[in-house]
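Okay, so here's the structure we're looking at.
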Amino acid sequence: MKYFSELAEILEKVEKINEKSLKIDVLSRFIKSLDKNELKITIWLILGNTEEEWVERKLNVSISTIIKVLKNLGVNIKELSSLYKKSGDLGEAVKIIYERGNIKLNKWFAKKYTIIDIYNELKKIENLEGEGSREKRILYLEGIYKNLSPLEAKLLTRILQGDMRYGVLEGTIEDCLSYIYGIDDEKIKIAHAIIGDIGVLAEYLFDNPKNIENVNIRLFHPFKPMLAEKANNFQDVFNNFSPAAFEFKFDGIRAQIHKRGNEVKIFTRRLKDVTKSFPDVVELILNNIKNNEVVVEGEIVAWDYNKNLPLPFQEISKRIKREYEISKYIKEIPVKLFLFDIIYLDGKLLINEEYINRRKILEEIRGNIDLTPMIITSKEDEAKKFFEESVNMKNEGLVAKKLDSKYIPGKRDKSWLKVKGHLEPLDLVIIGGEWGHGRRKNFISDLYLAALDKDTGEYLMVTKTFKGLSDNEYIQLTKELLKYKIKEEGRIVWFKPKIVVEVIYDEIQKSPKYKSGFALRFARVNRIRWDKSEKDVNTIQEIRELYEKQRKEEI
DNA sequence: CTTGCCTGCCC
DNA sequence: ATTCTGC
DNA sequence: GCAGAATGGGCAGGCAAG
């Protein structure tokens, strides 16, 4: 039986260790000392979770709620936000507040929580719902925070945020299990992907390490899907394998579909069950796939059946978490399913079959369901032509697959390579930014980027981005930016429009949030344009044209 | 009854 | 999702 | 090459505030 404070101390220690093997050693000793009834729970908490991965997070707590809790405990919010800004980490800020004693605590009768106690408290919070539940949640958390030490408060704060930053994620836990039980790391990784949750795997091994041999894909139990790495171009693809199978990469949601008899379940890439939102897909599967037991994978895409073209991602996303008026939305936003893999068929696991054979089997059982359009070629010009075809349909691009590759659950591997295009870069001016967190606490990390509204002369924001430059470049940039500072509001700093950056992005979207009416998807800075001035940036009018052009090409 | 904030999860 | 960094 | 970290737009749903 371990105390929550012991966990907090171990993690504090681990956070400061750089050397991987030492980190694994320290953490493994702790994990090894856990009882069975606290093992799974502890691993979940280390990762900032309270459940198996396929269960939706229900804490309904994050930074805003935590700050309200602290405020109620008499914490000076000015002091807190200044500490937060300085440390770049709310957990760290909370720890310092506790150390300074600037919070109302149960001084004399503080409860000493075990790990299981904390877990049970969090479960109670998860079960709060209905009118008044927000307030109850806050009251409940106050009750817990009142009894904590500085390190415990830091840990709880990070768990509640679901953002741990102790340098321990699933990969490290995998290494620990490998170290503790002397099982090959690759084997652990695959078992983890198949079971879908690392805590459950740990419990499995605790019962009997030989259980690793019994881990297998089960129907109606989601496994982590195989993923693709990024390729820069077609040469990159052919350097890895040739010939290659190229499939259209649609812009929808990845679906892992399990079927037995008349029962069907649909899981997302992150293992969440979305069956309820897609009765049309369930029906499609039942009407077409006649085999009894099947696991297939595909992409669910919002579809315009008049033009026979995909609809933008924003459309399918209106259906993903929908729970009401589903039948109305089935008509309003119809979907199309493109299958691209088969993992299980009537008692036979197909993960060790070569890709090309899996595809053949899929072809035989699919009924009238579409497969992703695919060609096999070793010629760059053919691949490029196929890419154009896909992109002209407004797809993301292609996925290249090695013909004899196996299906390795959970693996991001060079045997699948995604080739994506992006639109012409835009020159945008920096009008604001936010101080970063963690490693990036000392510079402006997130940039607010704007285009010029030609009609009014205003600079209107079209995106935020923190990607593309190296830490050093951000440090340099921050120095320059601060010369043009207008005002600072908490973490946000506003600048005079001066410094211009070239920005790459995947798509222009209609934005309900920005005044400009447009937003960039996956924006990243390509380079700083020191040679350009704020007068040289792209205009909102040009962005509108680019957006319309996207539309026009759809016909 | 409408609007807005917060959370969780798609990409 | 994309990108960068440290091991 | 891997694991970890730092963060994007936008959607639905749940609750609170106006």
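All of these numbers come straight from a predicted model, not from anything done at the bench. Chain identifiers are assigned alphabetically (A, B, ...) following the order of the sequence lines, protein sequences preceding nucleic acid strands; residue numbering begins at 1 within each chain.
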Practice item. Please tell me which of R322(A) and K23(A) maps to the more 5' nucleotide of DNA chain D, matching each residue to the nucleotide holding its nearest heavy atom. Key: K23(A)
Check your understanding: dC11(D) phosphate, OP1 or OP2: any side-chain N/O from Q314(A) under 4.0 angstrom?
Key -> yes
Exercise for review: Check whether any side-chain nitrogen or oxygen of K20(A) sits under 4.0 Å from OP1 or OP2 of dG6(C), and answer yes or no.
Suggested key: no
Study note, to complete from the structure: Whole-Å distance, K513(A) NZ to dT3(B) P, equals 20 Å
Exercise for review: Return no unless some side-chain N or O of T65(A) is found under 4.0 Å from OP1 or OP2 of dT7(B).
Suggested key: yes
Check your understanding: Between Y448(A) and W494(A), how do the two ring planes meet: parallel, tilted or perpendicular, split at 30° and 60°?
Key -> perpendicular
Review point. Between S64(A) and dT7(B), is there a side-chain N or O to OP1/OP2 distance below 4.0 Å?
Key: yes
Practice item. Measure the distance from CZ on F518(A) to P on dG10(D) and round it to the nearest whole Å. Key: 12 Å
Review point. Under 4.0 Å: is that the gap between some side-chain N or O of K464(A) and OP1 or OP2 of dG10(D)?
Key: no
Check your understanding: In terms of the nearest nucleotide of DNA chain D, which residue is placed more toward the 5' end: K321(A) or E174(A)?
Key -> E174(A)
Practice item. Determine the interplanar angle of the Y407(A) and W416(A) rings, folded into 0 to 90°, and report it as parallel if under 30°, tilted if 30 to 60°, perpendicular if over 60°. Key: perpendicular
Study note, to complete from the structure: Ranking F522(A) and S470(A) by the position along DNA chain C of their nearest nucleotide, the one closer to 5' is F522(A)
Review point. Is the phosphate of dA3(D), meaning OP1 or OP2, less than 4.0 Å from a side-chain N or O of Y166(A)?
Key: no
Check your understanding: Do R134(A) and dC15(D) share a donor-acceptor pair, side chain to base, under 3.5 Å?
Key -> yes
Check your understanding: How are the rings of H437(A) and Y84(A) set relative to one another: parallel (under 30°), tilted (30 to 60°) or perpendicular (over 60°)?
Key -> tilted
Review point. For the salt bridge (Lys or Arg N to Asp or Glu O under 4.0 Å) test, which of K420(A), K418(A), R521(A) pairs with D251(A)?
Key: R521(A)
**Study point:** Gap between atoms CG and P, on D175(A) and dA3(D) respectively (whole Å)
**Key:** 7 Å
**Study point:** Separation of dA5(D) C1' from Q161(A) CD (nearest whole Å)
**Key:** 14 Å
Check your understanding: Is the distance from OP1 or OP2 of dC9(B) to the nearest side-chain N or O of S317(A) less than 4.0 Å?
Key -> no
Study note, to complete from the structure: Rounded to whole Å, the NZ-P distance (K230(A) to dC4(C)) equals 9 Å
Point to revise | Q509(A) CD - dC11(B) C1' separation (whole Å) | key: 9 Å
Practice item. Could you check how far CD1 of I508(A) sits from P of dG10(D), rounded to whole Å? Key: 12 Å
Check your understanding: Does one side chain, of D197(A) or W44(A), offer a donor that lies under 3.5 Å from an acceptor on the other?
Key -> yes
Practice item. Would you kindly compare Y474(A) and R270(A) by the position of their nearest DNA chain C nucleotide and give the one closer to the 5′ end? Key: R270(A)
Check your understanding: If you look at every strand shown and take non-hydrogen atoms under 4.0 Å, does E434(A) touch a base, only sugar-phosphate, or nothing?
Key -> nothing
**Study point:** Interatomic distance where CH2 belongs to W435(A) and P belongs to dA6(D) [whole Å]
**Key:** 16 Å
